[in-house]
Amino acid sequence: MSLTLHSSTSFINKKETKNSRTHDDISNMTCFAQIKPSFHLKAKNSKEVQFFAPNMEGRNINNEEEGEKLHVLTTSTHSNNSSTTKVPVFVMLPLDTINIGGKLNKPRAMNASLMALKSAGVEGVMVDCWWGLVEKDGPLKYNWEGYYELVKMVQEHGLKLQVVMSFHQCGGNVGDSCSIPLPPWVLEEISKNPDLVYTDRSGRRNPEYISLGCDLLPVLRGRTPIQVYTEFMRSFRERFKDYLGDVIVYMKASLAASAEAMGKNDWGWGGPHDSGQYNQFPEDTGFFKRDGTWNNEYGQFFLEWYSGKLLEHGDRILGSAEGIFRGTGAKLSGKVAGIHWHYNTRSHAAELTAGYYNTRHRDGYLPIARMFAKHGVVFNFTCMEMRDGEQPQSANCSPEGLVRQVKKATQIAGIELAGENALERYDGGGYAQVLATSRSESGNGLSAFTYLRLNKRLFEPENWRNLVEFVKSMSEGGKTRLPECDTSRTDLYVGFLKQSHAKKTAEAVVV
């Protein structure tokens, strides 16, 4: 399973209400809101259960004080991936691969697409297993049939499948092509008790995910959210066992208790009062500015508590997953979001609001990596294709610095690192950046990479050539690139699909 702190699982056969904000809107956001947890399960033929965790970088340069060191760490000699190691490439399937009725969407197109991906040397594919689809009809009523059809199809093509246990809503984010809410019976419980979901200071509710403050409370018709997720994963294991191996008030109570334990009762009345509003720059707030309250005694207390709740949540879910999939041959991984906005500031405001306590003076990814290591989980990280120079200067972004930090953190924790791209990219520059970050020179190398995403554009001739070239380069440790001429006959193969199978594949590669 991959835990993106969403819930997602993947296996190999025999991871505030989000709306359509612009990039600039998102990059300037500083209000506190928790990241949803999620995790992947990868089942392999080898009988091992393994978890991945996040990593961190050794140093960074701040735009304001060039040359100032960040996150200075002890260097580790551990590396589980040399620069010449093959990095298997997976491709993400469309979000609506399984339709609202629980059936496989466009099976003929999917079959043709899988055939093409296999010919390109792709290792396998990744699919989201949506809670809102599988347990839609009522508590403990699971419908796995659409996913079962997909599993068999993937197996027939000799590919591997990563299944992401997605306990969050689908829709409203950049690149989302469909809408899949939480199960109707869960939404009923939320309507009765709106405090089950995250709520901001203005009272706006986020129906995307059950608040981690409810983890151990029987708020879902007598079951706790952790019990619901556990039973969901157990049902998955039983259905696919033959393929494995081949809330705001609750959160306030916890904050108050933590403050009381420190003898600082006034600290438990609520979150920071000076953290600003949505779309406000860090330097315009009292909490996140250069010498803001994020770095005083209260700020450190609050951020320790805030990030600690996220770690506890991840630990509970991964502990359940580890117990369920132990001995099945499944390989577990946890997905961690790559939040690179304001990374080149002292407070790292965007990361702090998401629950990642990562600042100029503190590494926020090593604790996550060590928690993953406790459960033997692979750390799955995103934005592997991004360059600093491509980002808006006003947002003080550094995706490259963030990736280096995570690579170092996973290296220190002694766990594997897997990667994804954050945005759809088809150009050689994006692929080249992934190739560079896949190597181990700056910390952990990648043990696997998942490409986002399978769609019509991917099969346009030049885009397809770039993918084939990228997969080949990754299989050779990122050291070689295919020549511009078509030595691998990729165009001929796509043409062959169109000419020889015109009738059978009228929908071919149109997913």
Does [X] use its side chain to pair, donor to acceptor, with the backbone of [Y] at less than 3.5 Å?
{"X": "Lys309", "Y": "Gly213", "result": "no"}
{"X": "Ser254", "Y": "Tyr250", "result": "no"}
{"X": "Trp130", "Y": "Leu95", "result": "yes"}
{"X": "Gln433", "Y": "Met384", "result": "no"}
{"X": "Asn143", "Y": "Leu133", "result": "no"}
{"X": "Thr353", "Y": "Ala350", "result": "yes"}
{"X": "Asn466", "Y": "Tyr426", "result": "yes"}

Are the side chains of [X] and [Y] in touch, meaning some heavy atoms are under 4.5 Å apart?
{"X": "Pro181", "Y": "Leu187", "answer": "yes"}
{"X": "Val228", "Y": "Phe232", "answer": "no"}
{"X": "Val134", "Y": "Cys129", "answer": "yes"}
{"X": "Asn455", "Y": "Pro94", "answer": "no"}
{"X": "Ile190", "Y": "Val186", "answer": "yes"}
{"X": "Glu145", "Y": "Arg239", "answer": "yes"}
{"X": "Gln411", "Y": "Leu417", "answer": "no"}
{"X": "Thr97", "Y": "Leu104", "answer": "yes"}

Is any NZ, NE, NH1 or NH2 atom of the basic residue among [X] and [Y] found under 4.0 Å from an Asp or Glu carboxylate oxygen of the other?
{"X": "Glu135", "Y": "Arg221", "result": "no"}
{"X": "Lys472", "Y": "Glu469", "result": "no"}
{"X": "Glu189", "Y": "Arg223", "result": "no"}
{"X": "Arg234", "Y": "Glu231", "result": "no"}

With ring centroids as reference points, do [X] and [Y] lie under 6.0 angstrom apart?
{"X": "Tyr431", "Y": "Tyr451", "answer": "yes"}
{"X": "Trp305", "Y": "Tyr357", "answer": "no"}
{"X": "Phe240", "Y": "Tyr147", "answer": "no"}

task = For side-chain contact (heavy atoms from CB on, under 4.5 Å), just list the numbers for Arg362 and His348, CA-CA rounded to whole Å, side-chain angles, deciding distance to a tenth of an Å, and then say yes or no.
result = CA-CA 10 Å; Arg362 185 185 188 279; His348 291 230; over 6 Å; no
Test log, rule side-chain contact (heavy atoms from CB on, under 4.5 Å), inputs Ile226 and Ile317 = CA-CA 7 Å; Ile226 295 297; Ile317 292 183; 3.8 Å; yes
inquiry  = Show, in sequence, the C-alpha distance, side-chain angles and deciding distance for Leu458 and Arg453, and conclude whether the side-chain contact (heavy atoms from CB on, under 4.5 Å) test is met.
reply    = CA-CA 8 Å; Leu458 181 61; Arg453 154 180 335 268; over 6 Å; no
request  = Look at the rings of Tyr365 and Phe381 and say which category their plane angle falls in: under 30° parallel, 30 to 60° tilted, over 60° perpendicular.
outcome  = perpendicular
request  = If the plane angle is over 60° it's perpendicular, under 30° parallel, otherwise tilted; pick one for Tyr198 and Tyr209.
outcome  = parallel
note = Heavy-atom closest pair (Ile339 atom, Tyr356 atom, distance to 0.1 Å) is CD1-CE1, 4.0 Å
message = Phe90 vs Leu159, test: side-chain contact (heavy atoms from CB on, under 4.5 Å). Steps then yes/no.
response = CA-CA 9 Å; Phe90 291 76; Leu159 293 167; over 6 Å; no
request  = Dump the intermediate steps for salt bridge (Lys or Arg N to Asp or Glu O under 4.0 Å) on Glu156 and Lys152, then the final yes or no.
outcome  = CA-CA 6 Å; Glu156 289 169 359; Lys152 292 193 296 182; over 6 Å; no
